[in-house]
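Quick note on labels: first sequence line is chain A, next is B, and so on, each numbered from 1.
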Number of protein chains: 2
Amino acid sequence: MTPAVIAAATLALGDREGPGAMSMRRIAADLGCDPMAIYRHFPNRQALLDAVADLAVQEVAVPAGEKPWDERVRAVLTDVRAAALRHPGIAGHIASRPPLGSAGQKLAAVITGALAEAGLAPGDVLKASQALVAYSAAGLRMAVEAGAPDERWRQVNEALEGETPVVGSAEQFEYGLRLLLNGIRLEAHPGEASRTAGAYSGQDRSCS
Amino acid sequence: MTPAVIAAATLALGDREGPGAMSMRRIAADLGCDPMAIYRHFPNRQALLDAVADLAVQEVAVPAGEKPWDERVRAVLTDVRAAALRHPGIAGHIASRPPLGSAGQKLAAVITGALAEAGLAPGDVLKASQALVAYSAAGLRMAVEAGAPDERWRQVNEALEGETPVVGSAEQFEYGLRLLLNGIRLEAHPGEASRTAGAYSGQDRSCS
DNA sequence: ACCTGAACACCGTTCAAGT
DNA sequence: ACCTGAACACCGTTCAAGT
């Protein structure tokens with residue numbers, strides 16, 4: 001019984017039984033121990049879930065440094081999203097607070113490094129990176145909740161148009177990400193028209 | 001005892017005692033009734049909180065149609081954020097799910113109308129508006145949680161720089177919002193350099 | 001000193017019993 | 001038919017009692 005063993009078992013339990021199984025009592029039952037035994041390795045439930053989240057985030061590969069800065073940012077954020085969605089038990093927690101364990105910090109450094117390389121003013125790098133992280137967290141949250149699709153959003157979509165663009169979809173997520181990256185490009189090099197806009201997005205939308 | 005009375009009392013209770021007071025039992029005690037009495041007016045706790053959220057959002061004024069589209073979007077989103085932060089009991093719920101009661105739908109229509117006016121392709125209007133709403137929700141969540149400041153973020157800030165830009169701050173929020181609006185501008189009129197970038201942001205950051 | 005599990009102070013919601 | 005409150009099936013965490 002080490003923190004790593006507990007975290008790994010909790011991740012697996014969440015994969016099998018979903019977020020409803022992530023209670024101290026259910027986790028302890030799964031481990032075959034008393035709920036209080038967990039408190040000997042983690043100060044509280046939140047700390048345990050942080051460790052589990054970092055475990056999921058460890059699956060994300062650090063993109064190669066030769067790639068262009070925007071592709072690196074896009075890769076990290078879409079990969080974190082995909083990794084979180086592979087682990088339904090912990091996805092909601094990842095969406096709620098940015099995972100800043102060792103794996104999370106490594107990825108955060110990739111983003112700030114890429115933004116500095118993009119030509120953003122030093123004082124803006126952290127603000128832009130937090131904007132990207134915030135947007136990604138919200139996009140993930142929408143995807144998580146789309147599992148139980150929201151009646152109210154359906155009504156709004158219906159009121160506006162027939163063809164629903166699916167609220168928490170990957171396409172929706174990447175669209176907003178491109179808006180942010182375009183905005184960052186403009187911030188870094190005002191006046192220059194963005195020649196690469198959309199170059200790395202999955203779909204070509206120039207003829208919609 | 002009508003739904004409106006219950007929602008108003010719950011909003012006031014949350015203003016006074018914070019999110020911890022927003023349980024069916026505490027709300028009922030505040031109203032001087034049995035917890036079950038509330039279920040006669042709302043199907044469940046979530047529906048009640050949705051009504052309370054809409055009450056808070058009703059405080060946001062619909063911006064004048066003569067204003068430029070980006071200023072209208074900026075006004076709505078910063079005003080919703082401010083309204084939510086004036087009501088600590090319900091702010092977390094507003095951050096978790098976009099309020100789509102009658103007041104929320106009215107504001108959502110302002111945003112989609114503004115984006116259509118901006119020149120965005122019809123198919124992109126809803127995607128961009130969802131990106132804006134998602135970002136705003138995440139920014140609000142960070143502000144709410146910044147009330148109990150996050151030790152982990154403090155470490156990251158410290159590791160990167162000395163001068164902490166405050167995670168959930170209004171300045172941070174507006175910066176990300178400008179990135180998104182700039183991205184939308186570029187999406188609507190590719191090739192045109194954005195001459196109005198930052199024109200409506202609170203601070204002039206051209207000489208940092 | 002270490003570990004356990006009973007207990008505390010809560011939840012949202014159901015449902016049977018009262019009026 | 002309407003309303004109440006006891007009860008159900010949970011929570012995270014504390015803490016006293018055991019080993």
Side-chain angles (χ1 to χ4, degrees), chain A residues 1-7 9-11 13-14 16-55 88-97 99 144-145 147-148 150-152, chain B residues 1-7 9-11 13-14 16-55 88-97 99 144-145 147-148 150-152:
Chain A
M1 277 276 275
T2 68
V5 168
I6 295 170
T10 304
L11 182 64
L13 173 65
R16 290 197 311 275
E17 304 189 25
M22 308 298 266
S23 78
M24 298 303 265
R25 282 165 154 94
R26 295 275 292 272
I27 294 162
D30 184 67
L31 286 160
C33 73
D34 191 273
M36 283 310 101
I38 298 168
Y39 284 88
R40 304 196 29 68
H41 300 96
F42 295 95
N44 51 44
R45 180 171 177 263
Q46 176 135 280
L48 167 57
L49 294 188
D50 284 347
V52 175
D54 205 60
L55 223 50
I90 202 66
H93 188 255
I94 295 175
S96 290
R97 25 193 274 147
V144 167
E145 283 178 4
D150 195 315
E151 173 63 16
R152 303 167 313 142
Chain B
M1 277 275 276
T2 67
V5 168
I6 295 169
T10 304
L11 182 63
L13 174 65
R16 288 197 312 274
E17 304 190 26
M22 308 296 267
S23 77
M24 298 303 265
R25 282 164 154 96
R26 295 274 293 271
I27 294 163
D30 184 67
L31 286 161
C33 74
D34 191 274
M36 284 311 100
I38 298 168
Y39 285 87
R40 304 195 30 67
H41 300 96
F42 295 95
N44 51 44
R45 181 171 177 262
Q46 177 135 279
L48 167 56
L49 294 188
D50 284 348
V52 175
D54 205 59
L55 224 49
I90 202 67
H93 188 255
I94 294 174
S96 290
R97 26 193 275 148
V144 168
E145 284 178 3
D150 195 317
E151 174 63 16
R152 304 167 312 143

Between P on dC2(C) and CE on M1(A), what's the gap in Å once rounded to a whole number? 16 Å
After noting the C-alpha distance and the side-chain angles of I38(B) and T10(B), does the key distance pass the side-chain contact (heavy atoms from CB on, under 4.5 Å) rule? CA-CA 11 Å; I38(B) 298 168; T10(B) 304; over 6 Å; no
Please report the closest heavy-atom contact between H93(A) and A53(A), naming both atoms and the distance. ND1-CB, 4.1 Å
Whole-Å distance between dC2(C) P and R40(A) CZ? 7 Å
What's the gap between dG12(D) and dT14(C) when it is taken at their C1' atoms, as a whole Å value? 23 Å
Distances for protein N/O vs nucleotides 17-19 of chain D N/O pairs under 3.5 angstrom?
none

What integer number of Å spans the C1' atoms of dT13(C) and dT13(D)? 23 Å
Could you give the CG-to-C1' distance, from D34(B) to dG12(C), as a whole number of Å? 13 Å
If you measure from CE on M24(B) to CG on N44(B), what distance do you get to the nearest 0.5 Å? 7.5 Å
So, for P19(B) and P88(B), which heavy atoms are closest and what is the spacing to 0.1 Å? CD-O, 3.7 Å
Any pair with a residue in residues 19-43 of chain A that passes side chain to side chain donor-acceptor pair (under 3.5 Å), sequence neighbours left out, goes on the list, sorted by first then second residue, please. R16(A)-D30(A), E17(A)-R26(A)
Interatomic distance, CE@M22(A) vs CG@L49(A), rounded to 0.5 Å, equals 5.5 Å
Please report the C-alpha distance between L48(A) and I27(A) in whole Å, then the side-chain angles of each, then the deciding distance to 0.1 Å, and finally whether the side-chain contact (heavy atoms from CB on, under 4.5 Å) criterion is met. CA-CA 11 Å; L48(A) 167 57; I27(A) 294 162; 3.9 Å; yes
Nearest-0.5 Å distance, CG of residue D54(B) to CD1 of residue I94(B): 9.0 Å
Under the side-chain contact (heavy atoms from CB on, under 4.5 Å) rule, collect the residues that match up with A37(B), sequence neighbours excluded. M1(B), C33(B)
So what's the dot-bracket for DNA chain C: Watson-Crick or G-U pairs under 3.5 Å, [ ] if a pair crosses, | if it pairs off-strand? ||.|||||...|||||.||
What heavy-atom pair brings A51(A) and F42(A) nearest, and what distance separates the two atoms? CB-CE2, 3.8 Å
All N/O contacts under 3.5 Å from nucleotides 13-16 of chain C to the protein, with atom names and distances to one decimal?
residue, atom, partner, partner atom, Å
dT13(C), OP2, Y39(B), OH, 2.6
dT13(C), OP2, R45(B), N, 3.1
dT13(C), O5', Y39(B), OH, 3.4

Atom-to-atom span, CG of L49(B) to P of dG12(C) - whole angstrom: 9 Å
